[in-house]
Amino acid sequence: MSIAYLCRYDAATAAEELEILRAVIGEPIVMGPPHGDLDEAALAAVEIAVVANPAPGILARMPGLGLIQSLWAGVDGLLADRTIPPAVPLARLVDPLLATAMAEAVVAHVMALHRQLPAYREQQAVRRWQRLAQPFAAECPVGILGLGEMGRAAIDLLRPLGFPILGWSRSAGADALARLQAEARIVVNLLPLTAETCHILAAPFLSRLRAGAALINFGRGGHQVVPDILAALDAGRLSHAVLDVFETEPLPDDSPLWRHPKVTVTPHVAAETDAVSAARCTAANIAAFRAGRPVAGLVDRAKGY
Ligand code: NAP
């Protein structure tokens, strides 16, 4: 039985990642399509598939598959492939380094919004010397949508800075969401993209936010409805939007988001997988799987995360 690596990165990145996986896991790993050819016998021999955006349909051609390990935290793209055998356990990446990276990105942008850096940048562009009111973190409640690995790490870094935190998760219920919407000055989306959360950042959600709230979307592009966010910004209901993820990536040249003065665009970099750390987490999960111990990050297919 073998371990296969399947990704759709460019060939050089794929080769580099494969070398890291081989070195850290300490076993031969075969490269699957599109970068490597696996005949039917080789496909049948795959026991564990380590994947980063694999080609749709390929996992269904591995009858001996016992575990699918994603190198990404979000599995919405993977689950869109309806051919993946439902009985095969699928694990998403749970990597403390990824959560740390996300927490740092959240703090960076929350601080920038809280200390009004976009407004000072606009003033600098027209050489205006004007002090804005100095806010304090204690007066700036931050709402976190999604209290999983990412949300909890962000809260752990935000709290010591003095920001009151309002959180919402699936188990937290509608009251927690209503309170977050009414009170948060900055709302950070760290939800997984599922049937329930798709297009949640739309007019009905935005209309319930505190006037002048700012929005940070570090989840997925499928969470947001861009025309609704632009309308809320133009109406002053939203003061700023930091968007890292988009339904089409790279963000097309003609997107109005690029040039909107109240939008900050980053190219899906809030938290990037560190290849060595992800390989270590993968090695630990493979060892757990083979020893019959619990595998970290098992996805509930019915819930979609
Ligand atoms: P996770 O550990 O699975 O946590 C997901 C959280 O979302 C849980 O608290 C869950 O609630 C909540 N949730 C799920 N469905 C919900 C719903 N319908 N209503 C309310 N809450 C809901 O996931 P994670 O590791 O924190 O990652 C979250 C997402 O971050 C990923 O799926 C990915 O899309 C995104 N991400 C983005 C980047 C980037 O660079 N932009 C990098 C990494 C990850 P319960 O606690 O009640 O289950």
Side-chain angles (χ1 to χ4, degrees), residues 1-9 13-14 17-18 20-96 98-99 146 148-150 170 191-198 219-220 222 273-275 277-305:
M1 297 304 274
S2 68
I3 302 176
Y5 175 51
L6 300 115
C7 75
R8 282 187 286 167
Y9 297 132
T13 308
E17 306 261 326
L18 179 64
I20 293 170
L21 285 168
R22 281 179 176 155
V24 173
I25 295 171
E27 285 183 39
I29 299 176
V30 295
M31 178 75 98
H35 298 296
D37 283 333
L38 298 182
D39 61 18
E40 290 309 312
L43 286 169
V46 175
E47 174 201 22
I48 295 165
V50 179
V51 302
N53 192 22
I58 187 69
L59 295 167
R61 293 171 54 205
M62 300 175 175
L65 201 55
L67 175 68
I68 301 166
Q69 172 67 56
S70 172
L71 294 177
W72 293 1
V75 288
D76 44 289
L78 202 48
L79 293 180
D81 178 357
R82 297 282 167 201
T83 69
I84 295 178
V88 179
L90 191 164
R92 62 196 190 80
L93 180 65
V94 177
D95 180 346
L98 188 72
E149 304 295 327
M150 302 295 143
R170 199 167 199 262
L191 289 166
L193 183 61
T194 67
E196 281 179 30
T197 65
C198 183
R220 284 286 184 264
T273 298
D274 175 85
S277 184
R280 288 190 183 126
C281 298
T282 298
N285 251 7
I286 289 174
F289 167 71
R290 285 180 175 158
R293 287 185 276 111
V295 167
L298 269 192
V299 171
D300 180 329
R301 305 271 193 106
K303 285 189 195 165
Y305 69 98

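All values reported here derive from a predicted model rather than from experimental measurement. Numbering starts at 1 and runs along the sequence shown.
No option in V30, V50, L21 other than V50 meets the side chain to side chain contact (heavy atoms under 4.5 Å, CB included) test with I3.
L79 is listed as a side-chain neighbour of L90, based on a closest heavy-atom distance under 4.5 Å. In this structure the side chain of N53 never reaches within 4.5 angstrom of the side chain of C7, judged on heavy atoms. Between P56 and T83 the shortest side-chain heavy-atom distance does not fall below 4.5 Å. L98 is listed as a side-chain neighbour of T273, based on a closest heavy-atom distance under 4.5 Å. A 4.5 Å side-chain heavy-atom check between L93 and W72 finds every atom pair outside the cut-off. Looking at R290 and M1, their side chains never come closer than 4.5 Å, going by heavy atoms from C-beta outward.
More than 12 heavy atoms of other residues, nucleotides or ligands sit less than 6.0 Å from atom CZ of R301.
Across all their heavy atoms, G32 and L6 have their closest contact at CA-CD2, 4.0 Å.
Residue pairs meeting the salt bridge (Lys or Arg N to Asp or Glu O under 4.0 Å) criterion with at least one partner in residues 69-81, sequence neighbours excluded, are D76-R220. Applying the salt bridge (Lys or Arg N to Asp or Glu O under 4.0 Å) test to every pair with at least one member in residues 34-44, sequence neighbours left out, gives these pairs: E40-R61.
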> Is there a side-chain contact (heavy atoms from CB on, under 4.5 Å) between V46 and L59 once you walk through the steps?
Replying inline: CA-CA 10 Å; V46 175; L59 295 167; over 6 Å; no

> Which is it for F289 and Q69 under the side-chain contact (heavy atoms from CB on, under 4.5 Å) test, yes or no, and what are the steps along the way?
Replying inline: CA-CA 10 Å; F289 167 71; Q69 172 67 56; over 6 Å; no

> What's the verdict on side-chain contact (heavy atoms from CB on, under 4.5 Å) for L71 and Y5, showing C-alpha distance, side-chain angles and the deciding distance?
Replying inline: CA-CA 10 Å; L71 294 177; Y5 175 51; 3.7 Å; yes

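We find the CG-CG distance between L298 and L67 to be 7.5 Å, quoted to the nearest 0.5 Å.
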